[in-house]
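Structure record follows, encoded as structure tokens.
Note: hydrogens, waters and symmetry copies are ignored here, and every other heavy atom, side chains too, is used. Each chain gets a letter, A, B and so on, in the order its sequence line appears, and its residues count up from 1.
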Amino acid sequence: MEPLDELRKQRLDKLNKILEINQTAYAYTFAQTDFAQDIIEQFDTRGEGFHVAVSGRLMSIRRMGKASFGHIMDKTGRIQIYLKQDKTGESAYTLFKLLDIGDFIGICGNVFRTKTGEITIVCESIELLAKTLRPLPVVKEKIEDDEKIIYDQFSDKELRYRQRYVDLIVNPDVKNVFIARSRIISVMRRYLENQGFIEVETPVLQSIYGGAFARPFITHHNALDVDLYLRIADELYLKRLIVGGFDGVFEIAKDFRNEGMDRDHNPEFTMMELYVAYQDYQYMMDLVEDMIRSICQEVFNNTKISYQGQILDFAKPWTRIGFFESIKMETGEDCYGKDEKELRKIIDKLKIEIDPSASKANMLDTIFSEFVEPKLFHPTFICDYPVELSPLAKKHRKKAGLVERFEGYAGGKELCNAFSELNDPIDQRERFENQAALRAEGDEEAMVIDEDYLRALEYGMPPTAGLGIGVDRLVMLLTNASSIRDVILFPHMRPEKS
RNA sequence: GAGGGUGUAGCUCAGUUAGGUAGAGCAACGGCCUUUUAAGCCGUGGGUCCUGGGUUCGAUCCCCAGCACCCUCACCA
């Protein structure tokens, strides 16, 4: 017998014994009237002896013959419980002796403070609500000089991600991250609704994918016998809705990109995309600043956020700097308007290595990532990108060769991407054709021509500002997480061998 | 994709200095205990030492290959 099976068998044996004295080990309801944290907080005002009914998991047990202590954990935290046989009666106490760490119980009793000072519920009755069959990792903690010392923390990252349910039970901070995530998205949604924008849903399964540079996941529709792609972005569908007369739409949803995985990338991730008619990218910068400030204020009650040891201040306006200006500032080189030969000279001078066949866009992108990106810790908008990097953005109204586009960076991460949307169908067709040419040369991430999208543009799209925010990265930043896996409940993992 | 690291009991980890089938704490099980708190006291059980090959009389340890996870870099809008 496997050792784990032995532990399970012991629990199954207890389950059978429980069933002999109790009708069931899996109750239907429990009339919960109180929560651990409230009881502790209200102890001083309510005084000793008030009656409570709490339910949750049994997280520790200290048995001493006919009396026992333990802790029960509900959604608010842990509270100590105390049972003594002459209070609960013999059969209830016998039931308690058959319980394990992890079991769900409901108890009724009165609150008091033990002589060592811990607020505790002395049980009058106890009900088993659900028996566990697997042992939970036992995490112990001690408070010393207001410092929490944790012993035997459940820390195996692989197990934590694969069995997130266990991680959530025994590592309370993990739960807090996901509560924060939920609130961030909720505040974001409410903020956008308050601005008058409408939340919509667009297809996940698409016969032509677009809106970003990425390789897609491919799936198959049996009844139609066609291959379909999982969307890599919502962009082109949302802009069709602007054509259709919605003046402000947004979608918070999963995108899928068939690429590598690392601390900033999960194959499926959450994106918020927003499109607003009659506005441009300047408007979007203001909106991003204001929205993120609101999120910080409402969720954390603070616009200063600590990320990886540094402070980000979202109360202040973000730094706004041009793409080429930022390069000039960090390297001293002015790359604007330079042709491929001149750029190559600059690259040699800067002593970085780039594939000799690299395109102009590619070289600029590399210089930027090498010299500017690592410096972008404080919230910054990088504005006005080369047109080659942005086939869906509108040409800059003043600067030749650029588009009206910005990316928002904070904490060294790219957080959002926005532009004045290209609404000239002829220009858009040319851009798509350039992409098709790149694709023909083997660039698998180049965009595919979307004829229906061009048809929509030919019906006329008003001036429009568009924005995409990587929700997972925003959550990472605001919860001080260093890996995207820490803000996704079930991050993608290689299949477990059976 | 490249380099590095890790993989030993349910959990957290030692260890085999130099190859002889392994230990601790917690959890579990048994006994004693009616105010204990990271662990009450005493005792017991529990291991495919990631997998597969090789070397060897003998491998958890050495060698080769593989798998999973972590870290760094590359890729990645």
Side-chain angles (χ1 to χ4, degrees), chain A residues 1-11 13-14 59-71 78 80-88 93 100-102 112-118 120 122 132-144 148-163 166 170 211-215 232-233 235 255 257-267 269 271 353 361 365-366 368-369 373 385 389-393 405 407 409 413-419 444-445 447 468 470 473 482-483 485 491 493-497:
Chain A
M1 184 162 52
E2 293 276 323
L4 176 59
D5 283 341
E6 197 173 315
L7 292 170
R8 288 184 70 236
K9 185 181 175 297
Q10 286 169 348
R11 291 186 176 217
D13 289 345
K14 286 190 206 174
M59 294 304 286
S60 66
I61 306 173
R62 295 178 291 283
R63 294 195 177 92
M64 297 156 304
K66 297 188 179 66
S68 300
F69 285 88
H71 280 90
R78 295 187 184 202
Q80 182 165 256
I81 60 172
Y82 172 51
L83 291 92
K84 50 180 178 177
Q85 187 171 294
D86 57 13
K87 189 107 181 173
T88 60
Y93 199 79
D100 287 294
I101 287 172
F112 76 113
R113 199 191 281 271
T114 64
K115 65 184 180 192
T116 52
E118 183 161 351
T120 302
V122 56
T132 57
L133 298 179
R134 281 175 191 265
L136 214 54
V138 178
V139 179
K140 300 195 179 188
E141 56 190 52
K142 167 166 81 169
I143 312 275
E144 199 165 79
K148 195 196 245 180
I149 305 170
I150 296 171
Y151 298 86
D152 297 336
Q153 182 161 38
F154 180 57
S155 56
D156 183 318
K157 286 203 179 175
E158 185 173 357
L159 287 180
R160 287 182 48 214
Y161 295 142
R162 287 192 194 277
Q163 301 185 36
V166 177
V170 302
F213 299 111
R215 286 156 66 184
I232 59 171
E235 174 149 355
D255 288 344
R257 297 187 185 172
N258 208 339
E259 294 165 348
M261 297 154 56
D262 62 32
R263 58 159 61 185
D264 289 312
H265 298 263
N266 196 61
F269 62 101
M271 186 77 130
E353 281 182 28
D365 200 27
T366 307
F368 179 78
S369 333
E373 244 187 271
Y385 283 70
L389 289 171
S390 319
L392 300 167
R405 171 183 178 190
E407 289 194 345
Y409 286 86
K413 288 183 201 311
E414 180 195 328
L415 266 195
C416 63
N417 182 21
F419 25 94
E444 287 186 74
E445 289 178 351
M447 289 183 190
R473 291 195 189 164
S482 60
S483 166
R485 295 190 154 185
M493 304 285 277
R494 283 196 168 75
E496 210 173 342
K497 13 173 207 206

Provide the distance between the two P atoms, one in B:rC64 and one in B:rC26, to the nearest whole Å.
40 Å
How would you label the contact of A:Lys413 with the nucleic acid (heavy atoms, under 4.0 Å): base, sugar-phosphate, or nothing?
nothing
What interatomic distance, in whole Å, is found between C1' of B:rG23 and the corresponding atom of B:rA14?
7 Å
Say you pick atom C1' in B:rU21 and the same atom in B:rA74; how far apart are they, in whole Å?
43 Å
Determine the contact category for A:Arg263: base if any of its heavy atoms lies under 4.0 Å from a base atom, sugar-phosphate if only primed atoms, P, OP1 or OP2 are that close, otherwise nothing.
sugar-phosphate
Taking side chain to side chain contact (heavy atoms under 4.5 Å, CB included) as the test, write out the residues that go with A:Lys148, two or more places apart.
A:Glu141, A:Ile143, A:Ile150
Could you identify the nucleotide paired to B:rG20, looking across every strand shown and requiring Watson-Crick or G-U wobble geometry with both distances under 3.5 Å?
B:rC57
If you find the nucleotide of RNA chain B closest to A:Val138 and the one closest to A:Gln153, which residue's nucleotide is nearer the 5' end?
A:Gln153
Under 3.5 Å for both donor-acceptor distances, Watson-Crick or wobble: does B:rC29 have a partner, and if so which one?
B:rG43
Rounded to whole Å, CD1 of A:Ile150 lies from P of B:rC26 at a distance of 19 Å
Salt bridge (Lys or Arg N to Asp or Glu O under 4.0 Å) involving A:Glu373 - partner list, sequence neighbours excluded
none
Who does B:rG1 pair with, Watson-Crick or G-U, both distances under 3.5 Å?
B:rC73
Gap in Å between the two P atoms, one belonging to B:rC32 and one to B:rU8, rounded:
37 Å
Residue set satisfying side chain to side chain donor-acceptor pair (under 3.5 Å) with A:Arg162, at least two apart, ordered chain then number -> A:Glu158
My understanding is that only residues two or more places apart in sequence, or in another chain, count here; which of them pass side chain to side chain contact (heavy atoms under 4.5 Å, CB included) with A:Arg113?
A:Phe43, A:Asp44, A:Glu48, A:Ile119
Which heavy atom of A:Ile101 sits nearest a heavy atom of A:Ile61, and at what distance?
N-CD1, 4.0 Å
By the Watson-Crick or G-U definition, both distances under 3.5 Å, B:rU36 is matched with none
Is A:Asp262 touching bases, backbone alone, or none of the nucleic acid, heavy atoms closer than 4.0 Å?
base
Span that lies between the P atom of B:rC76 and that of B:rG54, in whole angstrom
43 Å
Between B:rC69 and B:rU55 - P atom distance, rounded Å:
32 Å
At under 4.0 Å between heavy atoms, how does the protein contact nucleotides 35-42 of chain B? Give one character per nucleotide, 5' to 3', with B, S or -.
BBBBSB--
For A:Asp264, what residues pass the salt bridge (Lys or Arg N to Asp or Glu O under 4.0 Å) criterion, not counting sequence neighbours?
A:Lys413
Looking only at atom P, what distance separates B:rC50 and B:rU56, rounded to whole Å?
24 Å
Given the P atoms of B:rA2 and B:rG66, what is the spacing between them in whole Å?
11 Å
Under 4.0 Å between a Lys/Arg side-chain N and an Asp/Glu carboxylate O for A:Lys9 and A:Asp5?
no
